[in-house]
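This report concerns only the one structure given below.
Heavy-atom basis, side chains included; hydrogens, waters and symmetry copies ignored.
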Amino acid sequence: AKVVIGHGVASGKAKDPRFPGGTISMQKPFFEKSGLTMENFFLGTINLDISPFEYELIEPFFSSNCIRWSPDMPPENFSFYKCSLWIPQKFGKMIHSVLIYLPHPSTKPEFFQPLNILEIIAPCISNITYDTEVELSSTEDSVLFSKI
């Protein structure tokens, strides 16, 4: 997978006045109230282009439905899937436990995410930049990846 350029609403870098600190920071209290601990995650997403692979989401680690996290948005459904993100280092690779962040498209009509892009919630990773080649893996009961 490759990290792709994105200054989206998740981190607040899109400068959308409806989401001043980013959507993730606005959603975090609702996720935590529902039982998802987010204290170790950066409040934005890493957008990964997984081409030429496709994925099948099997069983979410966490789901929450009908979250009204913004007065400007209808309630949304969210699912999170456990994965491992392998980042190249000078010697070897650093492995981070991450989550695929999935606002369900059926409840998120205003924003479109291409099918080959996955949004990842991760700890703050200082050595990741745009176009960094990374590896994303998961257990078969969470997400299946296959070459197109």
Please check this pair: side chain of [X] against backbone of [Y], looking for a donor-acceptor N/O pair closer than 3.5 Å.
X	Y	answer
Ser34	Phe30	yes
Ser70	Asp72	yes
Glu56	Val143	no
Ser142	Thr139	no
Arg68	Met73	yes

Non-hydrogen side-chain atoms of [X] and [Y] separated by less than 4.5 Å:
X	Y	result
Trp86	Met94	no
Leu57	Leu144	no
Asp49	Asn116	yes
Phe145	Leu118	yes
Lys82	Leu99	yes
Ile67	Pro75	no
Leu102	Glu119	no
Asn40	Pro123	no

Margin query: Ring-plane angle category for Tyr101 and Phe31, please: parallel below 30°, perpendicular beyond 60°, tilted otherwise.
Written below: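 It falls in the perpendicular class, over 60°.
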
Looking only at non-hydrogen atoms, find the nearest pair between [X] and [Y] and report the distance.
X	Y	answer
Pro88	Asn127	O-ND2, 3.8 Å
Ser63	Pro60	OG-CG, 3.3 Å
Met26	Phe19	SD-CA, 3.7 Å
Phe41	Val98	CE2-CA, 4.3 Å
Ser79	His104	OG-NE2, 2.8 Å
Glu32	Thr37	OE2-C, 4.3 Å

Hey, could you give me the [atom1]/[atom2] distance between [X] and [Y], rounded to the nearest 0.5 Å?
X	Y	atom1	atom2	result
Gln27	Ser64	CD	OG	10.0 Å
Leu85	His96	CG	NE2	7.0 Å
Met38	Ile24	CE	CD1	5.5 Å
Ile95	Ser84	CD1	OG	6.5 Å
Ile117	Ile50	CD1	CD1	8.5 Å
Leu48	Phe53	CG	CZ	13.0 Å

Check: Does one side chain, of Thr129 or Thr132, offer a donor that lies under 3.5 Å from an acceptor on the other?
Finding: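 Short answer, yes.
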
Margin query: Under 3.5 Å, is there a donor on one side chain and an acceptor on the other for Asn77 and Thr107?
Written below: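 Not at all, the side chains of Asn77 and Thr107 share no donor-acceptor pair under 3.5 Å.
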
Check: According to a 4.5 Å side-chain heavy-atom criterion applied to Ile, Leu, Val, Met, Phe, Trp and Tyr, with indirect links allowed, do Phe61 and Ile121 form part of one hydrophobic cluster?
Finding: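 Yes, same cluster.
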
Note to self: Let me check something: do Tyr55 and Ile100 share a hydrophobic cluster, defined by ILVMFWY side-chain heavy atoms less than 4.5 Å apart, either directly or through other members?
What the structure shows: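 Yes, one cluster joins them.
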
Margin query: Within a 6.0 Å radius of atom CD on Glu140, are there more than 12 heavy atoms belonging to other residues, nucleotides or ligands?
Written below: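 It does not: Glu140 CD has 12 such atoms or fewer within range.
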
